[in-house]
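Bear in mind the structure is a predicted one, so any value in this text is a computation, not a measurement. Just so we're on the same page: letters track the sequence lines, and every chain starts at 1. No hydrogens, no waters, no symmetry mates; every other heavy atom, side chains included, goes into these values.
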Amino acid sequence: MDVTPILENLNDAQRQAVTAEAEPTLVIAGAGSGKTRVLTHRAAWLIDVERISPHSLLAVTFTNKAAAEMRNRIESLLDMPVRHLWIGTFHGLAHRLLRRHWREAGLPQSFQIIDSDDQLRLIKRLVKNLELDDSWVPREVQYFINAQKDEGLRPKHLDDDGDPHRRQMIALYGEYQQLCDRGGLVDFAELLLRAHELWRDNPELLAHYRRRFQHLLVDEFQDTNAIQYAWLRLLAGDGGVPFVVGDDDQSIYRWRGARVEHIRQFQKDFPATTVVKLEQNYRSTATILNAANAVIANNAERMGKNLWTEGAEGEAIRVYSAYNERDEADFVIGRLRDWIDQGNLRADAAILYRSNAQSRVLEEGLINARIPYRVYGGLRFFERAEIKDALAYLRLIANRDDDSSFERIVNRPTRGIGARTVEAMRSYARANSCSMWRAAGAIASDELSSRAANAVLAFLHLIERLAHETSDFDLQDQVDHVIHASGLIDFFKKDKGEKGETRVENLLELVSAAKGFEPDPAEEMSPLDEFLSHAALEAGEGQAEAWEDCVQLMTMHSAKGLEFPLVFLSGMEDGLFPHQRSINDPNGLEEERRLCYVGITRAKQTLYVTHAEQRRLHGMDNFSQPSRFISEIPDEYVEEIRPRVQVTRPMHTASPSRRRRSTSIAPGAEAGIRLGQRVRHGKFGDGVILNCEGQGAHARVEVNFETGGTKWLVLSYANLDLM
DNA sequence: CCAGGACACGTTTTT
DNA sequence: CGTGTCCTGG
């Protein structure tokens with residue numbers, strides 16, 4: 001057998017992992033050490049060499065993107081499509097199980113998945129119904145419920161400990177669950193919980209899947225939450241062969257239930273585990289890698305590993321101290337300009353930040369500089385309001401008892417069914433433990449005024465009519481018909497301006513999405529149900545034209561798993577990063593540091609770290625210190641673009657004690673010019689110095705004038721008065 | 001029903 | 001500063 005394609009270009013550790021015996025294996029894979037490579041090659045090895053049927057393999061990831069990529073890479077390694085291989089996200093796989101065994105799982109056949117937004121609406125309604133005081137914030141209730149579910153806990157497992165607040169929370173959880181069960185609604189956490197209970201409570205079913213899935217491949221293992229781990233644990237039993245890959249240093253999702261401790265737990269649960277560490281990095285220069293190692297070394301809770309590379313030392317990490325966030329943006333944009341002018345791809349450059357709010361100033365700068373960019377993490381296609389409206393019609397057609405959808409569209413477009421009428425339906429529904437749909441039918445005949453009753457009946461008829469008319473349409477015609485006949489299209493057309501137009505376009509785009517949707521014949525669902533599940537589980541891309549060549553903007557969280565030749569870590573200030581809310585909690589701080597480690601290791605060749613002395617945040621100017629993480633990078637890897645002293649003090653008082661290498665341009669120093677200095681110009685009036693460059697006769701400063709915007713002026717001609 | 005104003009609030013995100 | 005939510009008046 002020729003195993004070359006599967007084993008070639010693997011280092012020893014990688015090969016050891018890929019070819020490991022059929023025993024539990026834990027791969028600790030540092031950033032850029034070929035984690036995905038090991039997983040995909042392992043799958044190919046099992047199938048092609050060990051002759052394991054793809055049928056007995058289960059591969060689990062966290063994102064749809066990762067799942068799709070894994071399948072692609074396995075198929076290209078084996079040079080054939082792999083059928084019967086289950087690859088998916090935890091949620092996707094759980095969903096698949098629940099569809100197959102809906103009866104055993106205690107679900108209606110046409111159950112629907114609700115996303116967090118739907119969930120929140122439901123909870124809002126619940127809180128309102130119960131007329132609780134203002135201290136009951138729906139978001140917090142949602143958080144509580146999901147946290148319990150993530151731990152595998154039902155209301156009956158919870159104890160109020162005599163705490164009335166907690167008792168109420170638990171009661172709300174119970175009520176919420178009843179509401180979901182009545183409407184056949186399953187939220188994200190519920191998918192996992194149900195799938196776990198399905199196996200736990202049906203031993204013969206579990207035995208079946210244990211027999212089938214001998215080999216379990218798990219990606220990003222450090223991100224598993226309790227219920228995900230329990231699910232894997234249950235499936236593996238004593239005979240399964242789990243092969244898990246993760247990096248404790250890249251665990252950045254504790255706040256949403258992920259527990260790194262599962263890495264240790266795994267070794268306890270599977271004492272025969274072989275541990276393989278991948279420590280050779282193929283991504284970054286030695287400088288970047290060493291810097292990352294030095295930073296993460298400050299964490300106490302580590303399994304311990306040290307990444308190394310055979311690669312070149314590379315450029316120093318450039319640290320820039322900006323005067324304010326605008327100056328920071330200007331600096332970043334200047335460097336991007338150079339990068340692009342040198343013929344590099346914009347898409348190879350990424351600007352990373354801790355929180356989304358920071359993107360604004362950067363975006364403004366990029367727009368001014370006419371540099372195309374793309375911000376990750378916005379609203380995604382299937383999350384847009386108009387799309388969810390259309391989906392709600394479709395869902396109501398599929399299942400009349402879906403209260404979540406009913407409430408969403410009962411008066412959208414407006415059809416004279418006001419809050420009072422809806423409230424009447426709600427109270428009837430509550431009193432009779434029935435769905436809104438039934439309630440509407442029941443009260444329309446007597447309780448309501450004739451005007452309201454007519455409106456309600458018209459709505460009920462509309463839905464029945466749509467269901468009837470489209471019953472033998474194919475999916476795209478169904479969608480097309482519904483968005484028109486429901487009045488949604490006309491409703492948004494009336495919206496003036498660009499907004500309405502985009503909404504209509506999006507609705508039409510939904511028809512195209514339905515057209516391009518290929519139902520899986522193996523799934524025993526109607527194409528509509530499958531499309532709706534797909535919409536909930538895979539919210540789609542944030543922005544349409546993903547592959548125009550543009551600079552990438554995203555949070556450090558969303559950058560995990562990606563790499564770029566040029567990376568900017570912006571807003572590196574204490575209070576922002578590490579974030580204020582984590583700064584006083586040792587665990588929180590360690591997680592922030594891991595995030596920093598993730599950020600640094602995204603860079604392949606060039607890394608800029610920037611911070612601002614002054615930042616306008618929430619409308620207030622704040623002064624802040626450079627992030628402690630910057631000082632955790634050893635000086636030898638750092639080159640300061642502009643020493644801080646220039647910014648805070650006039651140059652002539654500059655301290656000479658700089659250990660770090662420095663470009664030590666001291667523009668305008670002789671003239672007493674410094675950033676933030678107020679100046680007056682004969683013609684342009686008063687302004688503030690934002691930037692300076694060059695020396696002597698060529699020294700120039702950028703001044704932001706109160707009237708007339710920013711201008712570059714040559715110092716020797718401008719005759720600026722210091723103020 | 002909606003526009004407009006007062007007011008609160010302000011990590012990180014995938015499914 | 002900006003956004004989102006809630007309330008009021010037309």
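At the heavy-atom level, A/Asn411 lies under 4.0 Å from the strands shown only through sugar-phosphate atoms. Among the atoms of the strands shown, none is found under 4.0 Å from any heavy atom of A/Asp187. Contact annotation for A/Ser558: backbone-only contact, meaning every heavy-atom pair under 4.0 Å involves sugar-phosphate atoms and none involves a base. At the heavy-atom level, A/Gln580 lies nowhere under 4.0 Å from the strands shown.
Minimum atom distance to the side chain of A/Arg616 is reached by C/dC1, of the listed C/dC1, B/dT13, B/dC1. Closest to the A/Ser116 side chain, of the nucleotides B/dT11, B/dT15, B/dT13, is B/dT15. Candidate nucleotides B/dT13, B/dT14, B/dC1 were compared by shortest atom distance to the side chain of A/His557, and B/dT13 ranks first. Taking every side-chain heavy atom of A/Thr414 into account, B/dC2 is the closest of C/dT3, B/dT13, B/dC2.
Residues A/Gln250 and A/Gln222 approach most closely at O-NE2, 3.8 Å, considering heavy atoms.
Taking atom CZ of residue A/Arg139 and atom C1' of nucleotide B/dT11, one finds them 13 Å apart after rounding to whole Å. Atom pair A/Phe577:CZ and B/dG10:P shows a separation of 21 Å (rounding to whole Å applied). Spacing between atom NZ of A/Lys124 and atom P of C/dT5 amounts to 5 Å, rounded to whole angstrom units. The distance from atom CD of A/Glu383 to atom P of B/dT13 is 12 Å, rounded to the nearest whole Å. Counting to the nearest Å, the P atom of B/dT13 and the CG atom of A/Asn146 are 17 Å from each other. Rounded to an integer number of Å, the gap from A/Asp223 CG to B/dT12 C1' is 12 Å. One interatomic measurement links the two molecules: CD of A/Glu69 to P of B/dT14, which rounds to 16 Å at whole-angstrom precision. Distance A/Ile113 CD1 to B/dT14 P: 17 Å, rounded to the nearest Å.
For the atom pair CD (A/Gln614) and OG (A/Ser624), the distance works out to 9.0 Å, reported to the nearest 0.5 Å.
OP1 or OP2 of B/dT12 has not a single side-chain nitrogen or oxygen of A/Arg254 nearer than 4.0 Å. Regarding contacts with the backbone of B/dT13, every side-chain N or O of A/Arg380 stays at 4.0 angstrom or more from both OP1 and OP2. The shortest distance between the side-chain N/O atoms of A/Asn356 and the OP1/OP2 oxygens of B/dT12 is below 4.0 Å. At the phosphate of B/dT13, OP1 or OP2 sits under 4.0 Å from a side-chain N or O atom of A/Thr555.
Both tests hold for A/Arg256 against A/Tyr253: distance to the six-membered ring centre under 6.0 Å, angle to the ring axis within 45°.
A gap of 23 Å separates the C1' atoms of B/dT14 and C/dT3, to the nearest Å. Taking atom C1' in both B/dT11 and C/dC6, the straight-line distance is 25 Å, to the nearest Å.
In the displayed structure, A/Glu423 atom CD is contacted under 6.0 Å by more than 12 heavy atoms of other residues, nucleotides or ligands.
Each of A/Glu613, A/Arg360, A/Arg616, A/Gln358 was checked for a side chain to side chain contact (heavy atoms under 4.5 Å, CB included) with A/Glu325, and the lone residue meeting it is A/Arg616.
Applying the 90° cutoff around 0 to the glycosidic angle, B/dT11 is assigned syn.
Both thresholds, 5.5 Å between centres and 30° between ring planes, are met by A/His579 relative to the base of B/dT11, so the two rings are stacked. The aromatic ring of A/Trp255 is stacked on the base of B/dT12, with the two ring centres less than 5.5 Å apart and the planes inclined by under 30°.
Between A/Lys149 and A/Gln177, the side chains place a donor N or O and an acceptor N or O closer than 3.5 Å (distance only, hydrogens not considered).
Two residues, A/Asn64 and A/His618, neighbour DNA chain B, and the one matched to the more 5' nucleotide by heavy-atom proximity is A/His618.
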